[in-house]
Amino acid sequence: MGARFPFPSFPRGWFVIGFPEDIAPGQVKTLRYFAEDIVVFRTESGVLSAVDKTCPHLGAHLGGGHVKGECLRCPFHDWGFRTDGVVVDVPYAPKIPAKAAVKTWHIREQNGVILAWYCPKGEAPAYEVPVLDEEGWTGNKTVRWVVRSHPQEVAENTVDCSHLGPVHHVGRTDVLSVEQEGHFMRVVLQMEASGAPIDMPDEFNDVQLDVKLYGIGHIVSSTTVLTSDMQTRQRIYPTPIDEDTIAIFGVSNIRQMADEGYTREIEDIFYRAFLADFPKDFPIWENKAYLDKPMLAGGDGPIGRYRRWCRQFYDYPEAAPAQPAAAAAAQPLAAPVTAIAKLKGWLRNLAQAPAANGNGDNNSGSNNDAGLDAHLIDLGPRKPRAVAATSKFASVGDYFDSLEKRFNPAAAGDLTAVIQWVLTGDKACTYFAEIKDGNVQRVAGTHPAPTITIEMSADDYLLMINGELNGARAFSTGRGRLRGPVRLAMKMQRLFPLEAAV
Ligand code: FES
Ligand SMILES: [Fe+2]
């Protein structure tokens, strides 16, 4: 390896080298990873293969070839290679040379990524990575970054607790469990994530994060927002390009909810937040040194333990590099981070919006997906946070009658919007509020082009504004419908605070 990182080679393991849609049937591409050219091609019937760049005949670069039927043809003398690398056609020769073949890479195409097995000694895969359940999840939203760093640094971020505050604005973090078994490592934590970095209320919200590492190049982070049924999953795949540079492939999904439009909105919020927050680590990674002997302090997290786990992916010569001080491993466990961690906190805001009470969490801790969180440790109740107000609305009529009085122009700023309520049932009513130039006007009836419409039974709406029905759960399960930007809904609690009415 280069001078910057003291590792004897790239780590062994599965690494993502692309997305399936990058290679269409009949296409050949040369990808540069592990400081090598990998020639990837897809046959006309759709079978993907990755081979060494060098044709065994006279050494032409196979990346200049083309696909014909189910074969890759060399650009020099037109030899035909099957997807398993075997030469099956030499157009001008009566007989194919014995054992004529090009070296192939072990690849997998699963869950919307192309994985390649890297081993500096050329050995076959030592493990597989599980195929993730896609049923009930949104499709992949993807990204690829290039960063001057090393894959081990990216995964180390998942156990580096003490950078969460300075870089990601995350508050208190409890590590609930850490497991290591062979190539697998898992960290589960609970954290308080702020909405401030994306211009959401600067409240801290409880988020549980379950991070699974399958080797150094494969990170799956599942997040549950405690007050709602929302679950998200982000995957992060750092892959060496050369000794100094990595590609980071990112994939974002959320669990589908009853309302398709609402699902799309939340999916988009998460994805954009992922794009905004994850790269905040990049300038640090690009300019930091890798210290074999870091000077760790209490609260740094299990960095020593992580680095010892990483050693299995390298072939160290006899005298291995020194490890962080043993004391470090005994530090309190750390928080995995990923950009994602923080993002989930915003959804807690949704759980409260548009409830005016600010304490819409009457279902805290419930979790419907045993698969995701079956191993979480119950740390017992956290210290309750201050509740903004304890007063309640006697009726939805009270809510609307006091709407203009409760309006907070400072929260509105230069917002121009029309918020519409279509409430059904015995106490059905329809209103809209026009917000413009720091003023609000409430009008009975419907607006021709509202910015956002909240549809719900009046009884449920009363429960929600009084903090007795979780807003996010109501919308995600279809008990209410939200048409329009979710971000505006998240702001309603600040636009129309209850306190002003009491
Ligand atoms: S060099 Fe490839 S076919 Fe001759
Ligand atoms: Fe980070």
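When a ligand or atom number is given, it counts from 1 through the structure's own listing order. Computed from heavy atoms alone, side chains included, the values below leave out hydrogens, waters and symmetry copies.
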| query | Which pair of heavy atoms, one from Asp37 and one from His61, lies closest together, and at what distance? | reply | OD2-NE2, 2.8 Å
| said: Are Tyr33 and Trp105, when compared by the centres of their aromatic rings, separated by less than 6.0 Å? | reply: no
| Considering only N, O or S atoms of Asp281, the one closest to the Fe ion (ligand 2) | OD2
| said: With 2.8 Å as the threshold, which protein atoms of type N, O or S lie near atom 4 (Fe) of ligand 1? Leave waters out. | reply: His57 ND1, His77 ND1
| request: Name all pairs fulfilling the salt bridge (charged side-chain N to carboxylate O under 4.0 Å, His left out) condition that reach into residues 6-30, sequence neighbours left out, sorted by first residue then second. | output: Arg12-Asp315
| request: Describe, in one word, how the ring planes of His218 and Tyr237 are oriented to each other, choosing from parallel (under 30°), tilted (30 to 60°) and perpendicular (over 60°). | output: perpendicular
| message | Test of understanding: with side chain to side chain contact (heavy atoms under 4.5 Å, CB included), list the residues that count as partners of Glu109, not counting sequence neighbours. | response | Pro20, Arg42, Leu48, Ile114
| field | Pairing residues for Thr30 by the side chain to side chain donor-acceptor pair (under 3.5 Å) criterion, not counting sequence neighbours | value | none
